[in-house]
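Single-structure report; data block below.
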Amino acid sequence: FPVTIQARVHSSYGDYERSLELARKSIEGISRFYGNDYIEMAQPLTDIAMVLLNKGGSRDDALQFLNKAKNIVESRFGEKHPRYAEALQYLAAFFLQANKLQDALPLLDQAEKIWKEKLGKSNVHLAEILLARAEIDWRFGRTENARNYLRDAANLYEKLFNDLHPEIS
């Protein structure tokens, strides 16, 4: 679905208006040809939610889109699939942004379990989860725990990537 890819490219360059337009166009096309619960619908729904969340759009709409995407992925792949773990991480990011830290933690726990089962204990998704946990502990004032999570994430990135990768330098 090239329109979905184009939407992601525009979002990565900060052209959020064009990204939203293309993601909505993608949803319309997918819905028309495959229905509202087709698996490829999940990504543009997530893209729209994240743009809304990061650019001051409706949080209610963003949460609705993220839950719809998660439900689509769950119905297609089940609760132990990496795409489901990814959907949980997006929901956790929403709750972090909304300062609902307690709601983010169980989602991160569940995503972490899936990533470990599917990819082992050394993968970039676990590093992302460590960073999210660091942010949560930092906000709760547990600075030592936050530092430990940050250190563990940095060590994991270093193990996974060489020193030319932007996550390392």
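- For the pair Glu135 and Arg139, the salt-bridge criterion is met [side-chain N within less than 4.0 Å of a carboxylate O].
- Once rounded to the nearest 0.5 Å, the distance linking CD1 of Ile27 with CG of Leu45 reads 4.0 Å.
- Checked for salt-bridge contact, Arg133 and Glu112 meet the test: a charged N lies under 4.0 Å from a carboxylate O.
- The shortest heavy-atom contact between Leu108 and Ala132 is CD1-CB, 3.8 Å.
- Contact check for Gln89 versus Tyr84: no side-chain heavy atoms found under the 4.5 Å cut-off.
- Nearest heavy atoms, Leu66 versus Ala49: CG-CB, 3.5 Å.
- A single hydrophobic cluster is seen to contain both Leu20 and Tyr16, as judged by linkage of ILVMFWY side chains at heavy-atom distances under 4.5 Å, directly or through other members.
- Interatomic distance, Glu128 CD to Trp115 CH2, rounded to the nearest 0.5 Å: 8.0 Å.
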For this session: Give the intermediate values and the outcome of side chain to side chain contact (heavy atoms under 4.5 Å, CB included) for residues Asp15 and Val9.
Result: CA-CA 9 Å; Asp15 187 358; Val9 168; over 6 Å; no

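- When all heavy atoms of Ala92 and Leu107 are compared, the pair lying nearest together is N-CD1, 3.7 Å.
- At distances below 3.5 Å, at least one donor-acceptor pair connects side-chain atoms of Asn71 with backbone N or O atoms of Asn67.
- Annotation: the span from Tyr149 atom OH to Arg142 atom CZ amounts to 8.0 Å, rounded to 0.5 Å.
- When only modelled atom types and interatomic distance are considered, Asp60 and Gln64 share no side-chain donor-acceptor pair under 3.5 Å.
- Contact of the Met41 side chain with the Asp37 side chain is not registered, since no non-hydrogen atoms from C-beta on lie closer than 4.5 Å.
- With hydrophobic clusters built from ILVMFWY side chains whose heavy atoms lie under 4.5 angstrom apart, Ile129 does not share a cluster with Trp138.
- Nearest heavy atoms, Ala153 versus Ala127: CB-O, 3.8 Å.
- No donor-acceptor pair closer than 3.5 Å links the side chain of Arg24 to the backbone N or O of Ser19.
- Between Arg83 and Arg76 there is no side-chain heavy-atom pair separated by less than 4.5 Å.
- In this structure, CD1 in Ile114 is found 10.0 Å from NE2 in His81, a value given to the nearest 0.5 Å.
- Here the CD1 atom belonging to Ile30 is positioned 6.5 Å from the CD atom belonging to Glu40, to the nearest 0.5 angstrom.
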For this session: Could you please spell out the steps behind the side chain to side chain contact (heavy atoms under 4.5 Å, CB included) verdict for Arg147 and Asp137?
Result: CA-CA 9 Å; Arg147 284 188 186 104; Asp137 276 358; over 6 Å; no

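- Using a 4.0 Å cut-off between charged side-chain N and carboxylate O, Glu21 and Arg18 make a salt bridge.
- Contact check for Phe161 versus Val124: side-chain heavy atoms found under the 4.5 Å cut-off.
- Of all the heavy atoms in Thr46 and Ala69, the pair that sits closest is OG1-CB, 3.4 Å.
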For this session: Apply the test side chain to side chain contact (heavy atoms under 4.5 Å, CB included) to residues Lys100 and Phe94: give CA-CA distance (whole Å), side-chain angles for both, the deciding distance (0.1 Å), then the verdict.
Result: CA-CA 9 Å; Lys100 295 182 177 183; Phe94 170 86; 5.5 Å; no

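- Tyr90 is listed as a side-chain neighbour of Met50, based on a closest heavy-atom distance under 4.5 Å.
- Of all heavy-atom pairs spanning Leu88 and Ala111, the tightest one is CD1-N, 3.9 Å.
- Taking the side chain as every heavy atom from C-beta outward, His10 and Leu22 approach each other to under 4.5 Å.
- Here the OG-NZ distance, from Ser11 to Lys55, works out to 9.5 Å after rounding to the nearest 0.5 Å.
- Side-chain N or O atoms of Asn99 include none that pairs as donor or acceptor with a backbone N or O of Leu96 at under 3.5 Å.
- Between Leu63 and Leu53, every side-chain heavy-atom pair lies at or beyond the 4.5 Å cut-off.
- For Ser75 (side chain) and Ile72 (main-chain N/O), a donor-acceptor pair under 3.5 Å exists by modelled atom type.
- Side-chain contact between Phe140 and Asn145 is absent, with no heavy-atom pair separated by less than 4.5 Å.
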For this session: Applying side chain to side chain contact (heavy atoms under 4.5 Å, CB included), run through Phe65 and Leu52 and close with a yes or a no.
Result: CA-CA 10 Å; Phe65 287 131; Leu52 289 174; 3.8 Å; yes

